Amino acid sequence: MVWLSCGLAALAGLLFGMDIGVISGALPFIKNEFHVSSAMEGWIVSSMMVGAAVGALGAGWISKTLGRKKALLASSLLFIFGALIAVVAQGVTVLVIGRILLGLAVGVASFTAPLYLSEVTPERIRGATVSFYQLMVTIGILAAFVSNLLFSYIESWRWMFGVLVIPAILLFFGALSVPKSPRWLAAKDRFDEARDVLSKLRGSSEEVEYELNEIQSAIQQESNSRGWAMLRDNPNFRRSVALGIALQLVQQFTGMNVIMYFAPRIFEMSGFEGTAASLWATVITGLINVLATFIAIAFIDRLGRKPILYAGFVIMATMMALLSAVLTIGPTTPFLQYTGMAAVLIFVAGFAMSAGPLIWTLCSEIQPLHGRDFGIGASTGANWIGNFFIGQFFPMMLAGLGGPWTFGILALVNAVFILFILWFVPETKGISLEKIERNLMSGKALAKIGI
Ligand code: BGC
C-alpha cells in the first residue's frame, strides 16, 4: 500500500514535469499553425500557470473538505480533459482553455500529492520523498522533451499534448485504488475507518494505535489557531509564510523555466538551425536536469542547504552572463555556438543541483506544524505565480530588449539572489522540525532559525 501511494505521488510529479516540458516543443508548431504574436505566445505558455496558481491555492480547501483522494481524482480528470481539449483545439482560445485546465490539474496535484504522501508514509522514509518528488518532475520534463522530439518528425503538436493522457489515466486508476488518508479520516472524526486504513499501511497493531493517538493529539492542538487566523495573530508565522513565498519566487526568477519553455528558441538563437537540431539539444538539456538532481540528493544532508545554494547560484549567474556575452558577439563560429549551448546546459545543472530540489525542501521545513498546510499552499501558489510571470514576459522581453540584455538581466538577478541566501535563508541540515519551529517562534532572525 505504501509503495502504491509513493507510485501515485510519483505519477503526479511526472505529470507536473510533462505539463512543463510539453510546451517548448509544441510552441514552434503552434505558432506556425495559428500565426500568434509574441504577447499571445507568452499567454499560451503561461495560461497553464494561472490555472496552476489557482489550483494550488484552492487545493488546500478541496483536499480538506473532499479529502486527498478525491482531490487527486479530480486532478486526474482535469488532466485528461485539459489534454484532450488541447489536442482538438482549432484556435488559440480553445487551446488556452485546455492549458488552463491542465494548470488547474497540476496545481491541485502539486499541493495534494506531497501532502498525501507525507500522511501515509512512515516517518523513517518521509524525508527522502521531497527530493524524490522533484526527481520525478525532472523525469517528466525529460519524457515530454523526448516525446516532443519524436512527434516533431511528423510535425504534430497535437500528439505532444495527446501523450499526457496516458499518465493522467494511470493517475486516475491509481487514485481510485489507494486508501483515503488516515489523517484526513481522523480529522473528519471517522476514527474506525482511519484505524482500518492504518492497519493496511503499518506492520503491527501497536504501530497503528500509537500513530492514531499521535494523530488525535495533533488534531486537538490544531484546532487552536490555523491558516488565516494564525497569519493574523502570529507575526512569526507571517515571517515563515513570507520566507516560503520569497524562496519560491527566487526559484522562478532564476530563469530556469525560460530554458524549460523556450529552449529550442534559445538554441536557435545560439546558431543551431532547424527544429530537429534544437529539439535534440533540448532533450540533452532535460537529461542534464535529471542527472544533476542526483548531486543535490547526494549532498543535501552532508554539505547542508546553503553551501549547495551558493554554488548553484554562482553557476547560474555566471552562465547567464556567458550566454549574454555570446549573443552580444553573435554566434558566428562553431566555438561560440557550442559555448552558448554549454552555458545553457551548465546553467540547468546549476539549477537542478540547487534551487530545484532545495527550495521545495526548505519550504516544507520552515513552516510551523499548525500552519503547514497554509504555508505550503501559499508558497506553492507563489511558485506558479512566479512561473506565470516568467512565461508571460520572457517573449516580450526578448522581443523588446533582445537576447543580450534579457540574459544579462537574468545574470544580475541571480547574483543578487546570492545575497538573499546569505541574509534570509536558514541552514536546516540535521535540525529537527520542532527546533526550527521553536527558533522561529522565539523571534530569531530567519537566517538563524536553523542552526
Ligand atoms: C520548478 C519548476 C521547474 C522544474 C525544473 C521545479 O522545482 O518548480 O518550475 O520547471 O523544477 O526541473
Side-chain angles (χ1 to χ4, degrees), residues 9-10 12-21 24 49 52 56 106 109-110 113-114 127-145 244-261 263 282 284-320 344-366 376 379-380 382-384 386-387 390-391 410 413-414 417-418 420-421 425 428-429:
L14 194 83
L15 273 160
F16 178 153
M18 288 184 80
D19 247 9
I20 286 194
S24 71
M49 288 82 215
V106 83
S110 62
T129 53
V130 183
S131 303
F132 174 64
Y133 185 70
Q134 169 70 16
L135 187 68
M136 289 310 297
V137 173
T138 60
I139 292 176
I141 294 178
L142 176 64
F145 285 171
I245 291 175
L247 280 167
Q248 288 287 11
L249 291 178
V250 163
Q251 193 211 46
Q252 289 304 312
F253 287 110
T254 56
M256 173 62 168
N257 282 325
V258 160
I259 314 267
M260 294 295 102
Y261 302 141
T282 309
I284 298 174
T285 314
L287 190 63
I288 290 198
N289 190 22
V290 175
L291 294 179
T293 305
F294 285 102
I295 302 180
I297 296 177
F299 291 113
I300 185 171
D301 288 320
R302 270 192 260 170
L303 296 180
R305 285 45 165 163
K306 286 182 85 162
I308 304 184
L309 282 174
Y310 287 132
F313 278 84
V314 167
I315 294 175
M316 287 189 281
T318 317
M319 291 304 126
M320 281 291 176
V344 173
L345 296 180
I346 300 174
F347 170 90
V348 168
F351 177 92
M353 62 173 261
S354 64
L358 282 174
I359 300 286
W360 288 103
T361 309
L362 280 163
C363 282
S364 69
E365 290 174 333
I366 55 171
I376 296 177
S379 57
T380 308
N383 174 281
W384 289 109
N387 204 325
I390 285 286
L410 283 172
V413 168
N414 276 292
F417 287 161
I418 298 175
F420 169 80
I421 300 165
V425 177
T428 52
K429 176 190 112 177

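Quick caveat: nothing in here was measured; it's all calculated off a predicted structure.
- Note: Phe16 and Trp384 have tilted aromatic rings, judged against thresholds of 30 and 60 degrees for the angle between ring planes.
- Here the closest non-hydrogen pair linking Ala382 and Ile245 is CB-CG2, 3.7 Å.
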request  = Begin with the C-alpha distance, continue with both residues' side-chain angles, and end with the deciding distance and a verdict on side chain to side chain contact (heavy atoms under 4.5 Å, CB included) for Trp360 and Gln251.
outcome  = CA-CA 9 Å; Trp360 288 103; Gln251 193 211 46; 3.5 Å; yes

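- One finds the CD atom of Gln134 at 9.5 Å from the CG atom of Leu358 (value rounded to the nearest 0.5 Å).
- To the nearest 0.5 angstrom, Ile295 atom CD1 is 13.0 Å from Ile300 atom CD1.
- In terms of heavy-atom proximity, Ile288 sits nearest to Leu345 at CG2-O, 3.8 Å.
- You'll find the side chain of Val348 reaches within 4.5 Å of the side chain of Met256, heavy atoms only.
- Annotation: the span from Gln252 atom CD to Ile390 atom CD1 amounts to 7.0 Å, rounded to 0.5 Å.
- Panel note: side chain Asn414, backbone Leu410; a donor-acceptor pair is recorded below 3.5 Å.
- When side chains are defined from C-beta on, Ser110 counts as touching Tyr133, because their heavy atoms get closer than 4.5 Å.
- Shortest non-hydrogen contact noted between Ala352 and Ala296 is O-CB, 4.1 Å.
- Phe313 is listed as a side-chain neighbour of Thr254, based on a closest heavy-atom distance under 4.5 Å.
- A donor-acceptor distance shorter than 3.5 angstrom exists from the side chain of Lys429 to the backbone of Arg302, with no hydrogens or angles considered.
- When all heavy atoms of Ser354 and Gly312 are compared, the closest pair comes out as OG-CA, 3.4 Å.
- Atom CG in Asn383 sits 11.0 Å away from atom CG in Leu247 (nearest 0.5 Å).
- Closest of all the heavy-atom pairs between Ser364 and Ile376 is CA-CD1, 4.1 Å.
- Using a 4.5 Å cut-off on side-chain heavy atoms (C-beta onward), Leu15 and Val106 make no contact.
- Atoms CD1 and NZ, on Ile421 and Lys306 in that order, are 8.0 Å from each other to the nearest 0.5 Å.
- In terms of heavy atoms, Ala144 sits closest to Gly21 at CB-C, 3.7 Å.
- Counting only heavy atoms from C-beta outward, the side chains of Leu309 and Leu362 approach each other to under 4.5 Å.
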* To do: Could you check Ile141 against Met18 for side chain to side chain contact (heavy atoms under 4.5 Å, CB included), going step by step and ending with a plain yes or no?
  => CA-CA 5 Å; Ile141 294 178; Met18 288 184 80; over 6 Å; no

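- By the 4.5 Å heavy-atom criterion applied to side chains, Ser24 and Thr282 are counted as neighbours.
- Contact check for Asn387 versus Tyr261: side-chain heavy atoms found under the 4.5 Å cut-off.
- Between Asn289 and Ile259, the closest side-chain pair of non-hydrogen atoms is not below 4.5 Å.
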Assess whether side chain to side chain contact (heavy atoms under 4.5 Å, CB included) is satisfied between Val413 and Met320, documenting all intermediate values. CA-CA 10 Å; Val413 168; Met320 281 291 176; over 6 Å; no

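- Thr138 OG1 to Phe351 CZ: the interatomic distance, rounded to the nearest 0.5 Å, is 10.5 Å.
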